Amino acid sequence: MPVADALKLTCTACGQANRVPASRLGDAPKCGVCGAILVNGEVAELDAATHDKMTRGDSLPVLVDYWAPWCGPCRAMAPEFAKAAKVLAQEARLGKLNTDQHQEISARAGIRGIPALILYRNGREVARLAGARPAADIVAFVRQHAR
């Protein structure tokens, strides 16, 4: 497979980097190590290592929801974020990072309030969105900034 046709995707289950042909994104590609589905339209719970691998190296845009379990707006937005993940399944990967458990990542990302959404593309932050949002706003935000 030519390098230009391959997408690099980090497995959210085991952290392994995988190369997937762009034309096969709709075929539920699996991790070569653990067999987890790489592109499934689900929101992934991220740990620090997986967060860093995905946001720095994945070929598809990555939208991270920085949240905490005690945050009412964060909990209220969770179903909307999940709806957006299904709509964006082959355009972007969505993950959540608990800022209470991963304070070093939160500090490094400059999170001042939650929920905070940060979109990463090609290893760089490209846009931020603060506050709880409906799924339609999340989808529009990704589509506007992911190109």
Side-chain angles (χ1 to χ4, degrees), residues 1-71 74-109 111 114-129 132-147:
M1 138 181 59
V3 174
D5 296 323
L7 299 175
K8 182 179 174 187
L9 301 175
T10 303
C11 177
T12 57
C14 74
Q16 177 65 40
N18 291 265
R19 293 225 177 260
V20 176
S23 61
R24 303 289 313 259
L25 278 182
D27 298 338
K30 294 182 180 179
C31 176
V33 173
C34 74
I37 296 174
L38 297 169
V39 180
N40 60 7
E42 301 289 325
V43 175
E45 284 286 339
L46 304 177
D47 61 20
T50 305
H51 170 276
D52 287 350
K53 278 186 169 184
M54 285 182 73
T55 59
R56 293 178 180 163
D58 274 23
S59 299
L60 282 181
V62 176
L63 180 64
V64 179
D65 173 16
Y66 296 87
W67 73 288
W70 51 262
C71 169
C74 297
R75 289 193 321 268
M77 187 179 73
E80 296 298 306
F81 198 66
K83 286 179 196 173
K86 290 198 183 312
V87 172
L88 295 166
Q90 294 182 33
E91 299 172 59
R93 300 175 77 203
L94 278 63
K96 298 176 76 71
L97 185 91
N98 183 326
T99 58
D100 283 350
Q101 293 177 345
H102 303 288
Q103 294 178 11
E104 72 287 351
I105 301 285
S106 177
R108 191 175 66 213
I111 303 301
I114 53 175
L117 303 177
I118 300 181
L119 181 65
Y120 299 89
R121 185 182 48 156
N122 299 324
R124 305 181 88 189
E125 177 183 330
V126 293
R128 287 180 181 233
L129 187 62
R133 304 295 175 136
D137 287 1
I138 296 167
V139 169
F141 170 74
V142 170
R143 288 181 173 162
Q144 176 186 358
H145 296 287
R147 294 181 180 17

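The structure displayed is predicted, hence computed values, not measured ones. All heavy atoms count here, side chains included; hydrogens, waters and symmetry mates do not.
- Here the CG atom belonging to Leu119 is positioned 13.5 Å from the CZ atom belonging to Arg124, to the nearest 0.5 angstrom.
- The shortest non-hydrogen separation linking Cys31 to Leu38 is N-CG, 3.7 Å.
- To the nearest 0.5 Å, atoms OG1 (Thr55) and CG (Leu46) are separated by 8.5 Å.
- Smallest separation of non-hydrogen atoms from Arg121 and Ala146: CD-O, 3.1 Å.
- Side-chain contact between Asn18 and Gln16 is present, with heavy atoms from C-beta onward closer than 4.5 Å.
- Between the side chain of Arg75 and the main chain of Pro69, a donor-acceptor pair closer than 3.5 Å is present.
- Once rounded to the nearest 0.5 Å, the distance linking CZ of Phe81 with CD1 of Ile138 reads 6.0 Å.
- By the side chain to side chain donor-acceptor pair (under 3.5 Å) test, Asp100 pairs with Trp70, sequence neighbours left out.
- Taking the side chain to side chain donor-acceptor pair (under 3.5 Å) definition, one finds that Thr50 meets it with Asp47, sequence neighbours left out.
- Distance alone, capped at 3.5 Å, places no donor-acceptor pair between the Lys53 side chain and the Ala17 backbone.
- For the pair Gln90 and Leu60, the tightest heavy-atom approach, listed with the atom from each and the gap, is O-CD2, 3.9 Å.
- Screening residues 6-18 for salt bridge (charged side-chain N to carboxylate O under 4.0 Å, His left out) gives no qualifying pairs among residues at least two apart or on separate chains.
- For the atom pair SG of Cys11 and CE of Met54, the computed distance is 9.5 Å after rounding to the nearest 0.5 Å.
- Taking Arg24 as the reference, Asp27 meet the side chain to side chain donor-acceptor pair (under 3.5 Å) condition, with sequence neighbours excluded.
- Scanning both residues, Cys14 and Cys34, for their nearest heavy atoms gives SG-SG, 3.8 Å.
- Judged as a salt bridge (charged side-chain N to carboxylate O under 4.0 Å, His left out), the pairs with a partner in residues 84-99 (not counting sequence neighbours) are, in order, Glu42-Lys86, Asp58-Arg93, Asp65-Lys96, Glu91-Arg143.
- Taking each heavy atom of Asn122 and Ser59 in turn, the nearest pair found is OD1-O, 4.4 Å.
- Each of Val62, Thr10, Thr12, Ile105 was scored for a side chain to side chain contact (heavy atoms under 4.5 Å, CB included) with His51, with one residue passing: Ile105.
- Residues Asn98 and Trp67 have side chains in contact (heavy-atom distance under 4.5 Å, counting atoms from C-beta outward).
- With sequence neighbours excluded, the residues satisfying side chain to side chain donor-acceptor pair (under 3.5 Å) with Arg108 are Asp52.
- Put simply, the side chain of Leu117 does not reach to within 4.5 Å of the side chain of Val142, judged on heavy atoms.
- The closest side-chain heavy-atom distance from Leu25 to Leu9 is below 4.5 Å.
- Between Ala127 and His145, the closest heavy-atom pair is CB-CG, 3.5 Å.
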